[in-house]
2 protein chains.
Amino acid sequence: MYEFMNITRALSDENRIRALMALRKRELCVCQIIEFLGLAPSTVSKHMSILRQARLIEGRKEGVWMHYSLSSSRRPEVRKAINWVIASLENDEKIIKDEKLLSKIMKCNLEDLCRRKKNKRG
Amino acid sequence: MYEFMNITRALSDENRIRALMALRKRELCVCQIIEFLGLAPSTVSKHMSILRQARLIEGRKEGVWMHYSLSSSRRPEVRKAINWVIASLENDEKIIKDEKLLSKIMKCNLEDLCRRKKNKRG
DNA sequence: TTCATAAATTCATACATAGGCATATCTCCT
DNA sequence: AGGAGATATGCCTATGTATGAATTTATGAA
């Protein structure tokens, strides 16, 4: 029950759902998620830690970069939750739009993306 | 997406989840749910209206009494959500305990139950 | 090794939202 | 009209979201 409530609370925020759906097809660097959601780095970091605590995503550190991906855990709770979210939103308008935005973001290389933040996206 | 977020927010509270699971096997009167959750009537009413807005449950008025039951809607969003919750919690300890509590509550007749509230459960 | 820099997270704080209750209001029955 | 159950309103507290600043971690240069 505790584990389940951790999951439902993690899923109760739209930005976290969008991030989760973004990760369903690919691994993403935090700076890509920041660009994607348009939120402050600290905010995104918090969202990721909530998703991670719920075991819905996993983090992998590569040098200074942190990469997140959907959880590969076999826990039934986690699998069911992820499957439910994906099945419910696979054809959602906003999620489809997000996919297009993500395609653009994926074309930039990571260094440019991170540098752009500093220059206020100039 | 909006509909989906309504559902996840409705599911992000433990009392609402317990109420939802209680309704999975039977219809319940509000006063039974009040007894079950041990919350103030106004609080329970609010929880029920949130679940109802998310279309997860339905209300049926019979005289002065309000009866709630799981939604019979065929909307895929709703069916998937309900199925997910039930599948995830069917064997949950707390939910099983709740079932025992509910058995007791079901044995009282409704009038006694409602009257008990007034007398501060004396 | 030491220092500087960059990315990510944690911390401190402001603001908004949500849960809880008491009380007022509404609806329905007699 | 009177009385009962249920819901709406108003208030308080707690939790959640968002941000900038400080801290941590890792890289690369001196």
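Convention: sequence-line order gives letters A, B, ...; per-chain numbering from 1. Basis for what follows: all heavy atoms, side chains included, without hydrogens, waters or symmetry-related copies.
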Can you tell me how far [atom2] of [N] sits from [atom1] of [X], to the nearest Å?
X: A/E14; N: C/dT17; atom1: CD; atom2: C1'; answer: 15 Å
X: A/M48; N: C/dT9; atom1: CE; atom2: P; answer: 9 Å
X: A/I34; N: C/dA8; atom1: CD1; atom2: C1'; answer: 8 Å
X: B/Q32; N: D/dG5; atom1: CD; atom2: C1'; answer: 13 Å
X: B/R52; N: D/dA8; atom1: CZ; atom2: C1'; answer: 13 Å
X: A/Q53; N: D/dG16; atom1: CD; atom2: C1'; answer: 14 Å
X: A/I33; N: C/dA8; atom1: CD1; atom2: C1'; answer: 12 Å
X: A/E35; N: C/dA7; atom1: CD; atom2: C1'; answer: 15 Å

Taking the axis from the first five pairs and the axis from the last five, what angle separates them in the helix from C/dT1-D/dA30 to C/dT30-D/dA1, rounded to 10 degrees?
20°
Which side-chain N or O atoms in residues 38-45 of chain B pair as donor and acceptor under 3.5 Å with protein atoms at least two apart or in another chain?
none

Looking at B/E99 and B/R24, is any side-chain nitrogen of the basic one under 4.0 Å from a carboxylate oxygen of the acidic one?
yes
For B/D13, all residues meeting side chain to side chain donor-acceptor pair (under 3.5 Å), sequence neighbours excluded
none
Please enumerate all residues that pass side chain to side chain donor-acceptor pair (under 3.5 Å) together with B/R79, with sequence neighbours excluded.
none
Would you verify whether the NZ or CZ of A/R52 falls within 45 degrees of the ring axis of A/Y68 while also being under 6.0 Å from that six-membered ring's centre?
no
List for me each residue that meets ring pair (Phe, Tyr, Trp, His ring centres under 6.0 Å) alongside B/F4, sequence neighbours excluded, and say none if there are none.
A/W84
Starting at the 5' end of nucleotides 18-30 of chain C, put B wherever the base has a protein heavy atom under 4.0 Å, S where only the sugar-phosphate does, and a dash everywhere else.
-SSBB-----BS-
Strictly by side chain to side chain donor-acceptor pair (under 3.5 Å), give each pair with a member in residues 53-63 of chain A just once, sequence neighbours left out.
A/E27-A/R60, A/E58-A/S72, A/R60-A/E62
side-chain contact (heavy atoms from CB on, under 4.5 Å) involving A/N6 - partner list, sequence neighbours excluded
A/Y2, A/R9
In short, salt bridge (Lys or Arg N to Asp or Glu O under 4.0 Å) pairs touching residues 66-76 of chain B with sequence neighbours left out are B/E3-B/R75
